[in-house]
*Asks:* 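First the structure, then my questions, so here it is.
No experiment lies behind these values; they were computed from the predicted model shown. One is the number of the first residue; the rest follow in order along the sequence. Just so it is clear, the values below take in all heavy atoms, side chains as well, and ignore hydrogens, waters and symmetry mates.
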Amino acid sequence: MSEKKIMLGNEAIARGAYEAGVKVSAAYPGTPSTEISENLVKYPEIYCEWSPNEKVAMEVAIGASISGVRAMASMKHVGFNVAADPMYTASYIGANGGLVAVVADDPGMYSSQNEQDTRQICRAAQVPVLEPSDSQEAKDFMKLAFELSERFDTPMVLRTTTRLAHSQGVVTLEDRVVPEDKAYERNIAKNVMMPANAIKRHVFVEQRLKDMAEAANTLDINKMIIKDTKIGFITSGIPYTYVKEVCPDASVLKLGMVHPLPKKLIEEFASKVDTLYIFEELEPVIEEQVRAWGIPCIGKEAFTVQGEYSANMIRKVVLKEDLQLNTPAEVPARPPLLCPGCPHRSVYTVLNKLKFHAAGDIGCYTLGAVAPLSVVDTTICMGASISSLHGMEMAKGKDYIKNWVAVIGDSTFMHTGVNSLMNMVYNQGTGTVIILDNSTTGMTGHQDHAATGKTLMGKTVPAINIYHLCKSMGIEHVIEINAFDIKELEKVIKEETARDEVSVIITKSPCALLKEVHFPNKCVPVPEKCKKCGMCLKPGCPALTKNEDGTISIDATMCNGCGLCKNLCPFDAIEEVAK
């Protein structure tokens with residue numbers, strides 16, 4: 001088979017896993033990694049799941065590997081923090097069947113709360129890393145990662161980035177080859193990481209890295225391209241494509257394995273060029289090692305540690321070009337907004353009216369931090385809304401948080417919010433938690449989770465009942481309410497935040513973009529009744545605009561008919577009509 005197809009990087013990674021004979025895949029959705037699993041599930045030969053979080057996903061993959069099959073876990077870079085606990089130990093255990101974690105970094109923070117570099121975590125965990133530069137390599141490196149995993153008895157990381165994940169390239173498809181399952185042999189010394197065993201395995205890990213570093217000198221994915229020797233680049237991943245574009249005649253050492261690094265190959269390359277540049281996004285991982293070997297180079301003193309790299313960066317720094325870039329057109333700012341009909345907007349409208357603060361979390365509802373809602377005061381990481389609110393109370397007392405709540409989505413609550421709420425109950429907090437249950441993982445494109453009743457593979461299963469889960473923790477006051485019932489919601493928030501015990505409010509209203517959600521009506525203005533008070537505009541729904549005369553217009557193509565603006569209007573100047 002030699003069919004060629006244009007594929008996204010994420011799609012190519014999934015194809016590589018398929019061709020490598022992977023049998024088990026686990027993941028938690030997170031941009032820019034989400035489409036890997038959404039493409040993997042198209043191959044019926046592979047068991048695929050959305051796990052509650054990345055730690056669980058990594059543990060599922062480790063278990064499958066120990067049993068003797070090729071397995072993988074996929075996540076974004078901040079999700080790798082969650083998976084770090086099992087990964088650090090999996091490094092000691094190694095792999096029976098090939099074991100690969102695909103981790104998608106986000107230079108430029110297009111959809112993330114930080115810009116960390118996965119290579120640093122892998123270096124600390126002593127886990128080898130491969131980094132492709134295009135879709136074809138994404139597929140090929142995925143297959144190689146499983147081969148190296150089994151050859152060197154190690155978990156592997158395939159590092160990708162937003163630009164690669166969401167760029168397209170031509171990929172040559174090949175047949176799926178499923179290696180025979182590895183036999184499982186009970187091996188306490190290898191698989192049970194109590195201290196006496198771990199001490200011995202650490203010796204193995206150190207030797208394994210030395211062996212892999214030596215092998216990296218001859219791996220085909222580490223390519224030395226000698227052309228004009230006045231300038232040389234050591235680079236990898238997407239930055240390599242910029243080097244190739246701007247300096248096609250320069251000498252290049254393209255690294256496919258970025259940890260451990262091939263010392264002999266780097267020394268040989270450096271000896272051949274007059275000026276050596278290290279061109280790598282984010283942290284100076286390659287540069288620091290090259291400098292530690294005493295090799296002169298130019299790196300972060302010339303190139304930034306922040307954001308994505310570009311071809312123009314090379315033109316400016318290396319070629320010293322005076323770039324006369326066109327001044328960008330002045331366009332109105334387009335801040336991110338909650339969608340028309342979003343139930344989160346209704347909740348935040350009430351909180352804003354009450355002048356409440358919200359400890360926020362990761363999801364669409366983080367947008368409650370921006371005007372005009374301006375409710376969310378903090379966002380740290382998955383599940384931190386509840387824990388941080390509890391920390392505030394322990395620091396300042398109960399009265400301090402009487403005008404605070406924690407807000408968290410249903411998927412994020414299942415991810416790590418459960419533990420945080422458990423902690424609040426166990427340690428006798430009194431905070432109020434609002435679980436914004438919109439029946440999906442909205443931010444990453446409407447993936448299912450344990451509380452939706454459907455798996456990644458499309459099976460209908462019993463859904464975890466969030467209400468009963470909260471009640472099982474001993475929380476007496478757990479209230480379910482329609483997010484759009486703003487009068488009742490205001491009453492409930494006042495009552496629950498006044499309590500001297502933990503309480504939970506679950507706003508059960510599905511995401512307006514779910515295909516099964518259909519509001520029967522649309523909202524239309526009644527200009528003759530409008531008093532121009534602006535109450536309907538307070539939530540910031542993008543379907544509403546203010547006219548020159550102070551009345552409002554509602555864009556019928558945007559309005560989802562949630563009725564929030566109608567409910568806010570004190571003069572009945574907005575009415576609902578059937579679609």
Side-chain angles (χ1 to χ4, degrees), residues 110-111 327-358 360 363-377 379 407 409 436 438 440 442-443 445-446 482-490 507 509-515 517-579:
Y110 290 99
S111 58
T327 302
E330 292 186 10
V331 296
R334 297 185 63 191
L337 294 170
L338 295 169
C339 301
C342 177
H344 305 333
R345 176 177 283 106
S346 180
V347 176
Y348 288 148
T349 297
V350 174
L351 290 172
N352 180 286
K353 177 185 177 182
L354 295 174
K355 293 182 168 44
F356 266 62
H357 303 270
C364 298
Y365 46 89
T366 308
L367 295 173
V370 300
L373 296 167
S374 304
V375 170
V376 173
D377 281 30
T379 299
V407 293
L436 305 166
N438 65 353
T440 190
M443 180 66 90
H446 304 104
N482 184 333
F484 294 105
D485 189 349
I486 56 176
K487 290 183 179 179
E488 183 64 19
L489 182 58
E490 181 177 341
T507 57
S509 299
C511 173
L513 299 185
L514 290 173
K515 60 183 179 182
V517 173
H518 301 286
F519 292 105
N521 302 317
K522 281 189 178 294
C523 294
V524 296
V526 184
E528 60 271 20
K529 291 185 178 181
C530 181
K531 304 300 181 182
K532 307 174 185 179
C533 67
M535 286 297 297
C536 60
L537 296 170
K538 284 184 177 292
C541 176
L544 275 69
T545 55
K546 187 176 182 179
N547 300 322
E548 289 185 5
D549 64 357
T551 61
I552 60 108
S553 295
I554 300 177
D555 188 333
T557 62
M558 295 181 69
C559 176
N560 275 319
C562 69
L564 176 60
C565 58
K566 176 183 181 296
N567 293 338
L568 288 170
C569 180
F571 304 109
D572 297 324
I574 298 174
E575 62 183 15
E576 292 182 348
V577 298
K579 291 182 179 178

*Asks:* Can you give me the closest heavy-atom contact between Gly360 and Val376, atom names plus distance?
*Replies:*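 The answer is CA-CG1, 3.7 Å.
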*Asks:* For Cys523, does its backbone N or O pair with a side-chain atom of Lys566 as donor and acceptor, under 3.5 Å?
*Replies:*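 It does not hold such a pair.
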*Asks:* Quick one: are Leu436 and Tyr348 in side-chain contact, heavy atoms under 4.5 Å?
*Replies:*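 Yes; the side chains approach each other to less than 4.5 Å.
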*Asks:* Considering all heavy atoms of both residues, which atom of Cys536 and which atom of Ile552 are nearest to each other, and what is their separation?
*Replies:*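 Taking every non-hydrogen atom into account, SG-CG2, 3.9 Å.
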*Asks:* How far does CG of Leu354 sit from CG of Asn352, to the nearest 0.5 angstrom?
*Replies:*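 Atom-to-atom, Leu354:CG and Asn352:CG are 9.0 Å apart.
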*Asks:* For Pro542 and Leu338, work out which heavy atoms get closest and say how close.
*Replies:*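 So the minimum-distance heavy-atom pair works out to CD-O, 3.8 Å.
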*Asks:* Does Ser509 use its side chain to pair, donor to acceptor, with the backbone of Ala483 at less than 3.5 Å?
*Replies:*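 Yes.
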*Asks:* Quick check for you: to the nearest 0.5 Å, what is the distance between Thr366 atom OG1 and His344 atom NE2?
*Replies:*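 Between Thr366 OG1 and His344 NE2, I get 9.0 Å after rounding to 0.5 Å.
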*Asks:* Any side-chain donor paired with an acceptor under 3.5 Å for Thr440 and Asn438?
*Replies:*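 Asn438 and Thr440 do not have a side-chain donor-acceptor pair below 3.5 Å.
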*Asks:* Taking side chain as C-beta onward, heavy atoms only, is Leu489 less than 4.5 Å from Val347?
*Replies:*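 A side-chain contact exists here, since the closest heavy-atom pair is under 4.5 Å.
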*Asks:* Could you tell me whether a side-chain N or O of His446 sits under 3.5 Å from a main-chain N or O of Met443, the two making a donor and an acceptor?
*Replies:*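 Checked: no pair found.
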*Asks:* Rounded to the nearest 0.5 Å, what separates atom CG in Leu337 from atom CZ in Arg345?
*Replies:*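 Rounded to the nearest 0.5 Å, the CG-CZ separation comes to 7.0 Å.
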*Asks:* Which heavy atom in Ala543 sits nearest to a heavy atom in Met558, and how many Å separate them?
*Replies:*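 That would be CB-CB, 3.8 Å.
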*Asks:* Of the non-hydrogen atoms in Ala512 and Gly341, which two are nearest, and what is the gap between them?
*Replies:*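 Heavy atoms only, the tightest pair is CB-O, 3.5 Å.
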*Asks:* Using 0.5 Å steps for rounding, measure from the SG atom of Cys530 to the CG atom of Asp549.
*Replies:*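 Between atom SG of Cys530 and atom CG of Asp549 there are 8.0 Å.
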*Asks:* Looking only at non-hydrogen atoms, find the nearest pair between Pro340 and Asn560 and report the distance.
*Replies:*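 Closest approach of Pro340 to Asn560, heavy atoms only: O-ND2, 2.5 Å.
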*Asks:* How long is the span from the CG atom in Leu351 to the CD atom in Glu490, to the nearest 0.5 Å?
*Replies:*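 Here the interatomic distance stands at 10.0 Å.
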*Asks:* Is Cys339 close to Leu513 at the side-chain level, that is, under 4.5 Å between some pair of heavy atoms?
*Replies:*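 Result yes, sub-4.5 Å side-chain heavy-atom pair found.
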*Asks:* When you compare the side chain of Ile486 with that of Thr349, does any pair of heavy atoms fall below 4.5 Å?
*Replies:*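 Side chain of Thr349 against side chain of Ile486, heavy atoms only: no contact under 4.5 Å found.
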*Asks:* Any chance you could measure Lys538, atom NZ, to Cys565, atom SG, to the nearest 0.5 Å?
*Replies:*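 Result: 15.0 Å between the selected atoms.
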*Asks:* Do His357 and Val375 make a side-chain contact, defined as non-hydrogen atoms from C-beta onward lying under 4.5 Å apart?
*Replies:*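 The answer is no; the side chains never approach within 4.5 Å.
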*Asks:* Could you work out, with salt bridge (charged side-chain N to carboxylate O under 4.0 Å, His left out) as the rule, every residue matching Lys546, not counting sequence neighbours?
*Replies:*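 If we apply the salt bridge (charged side-chain N to carboxylate O under 4.0 Å, His left out) test to Lys546, skipping adjacent residues, there are no hits.
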*Asks:* Can you give each donor-acceptor pair under 3.5 Å made by side-chain atoms of residues 568-579, sequence neighbours left out, with the distance rounded to 0.1 Å?
*Replies:*
{"from": "Glu576", "atom 1": "OE1", "to": "Asn521", "atom 2": "ND2", "distance (Å)": "3.3"}
{"from": "Lys579", "atom 1": "NZ", "to": "Phe519", "atom 2": "O", "distance (Å)": "2.8"}

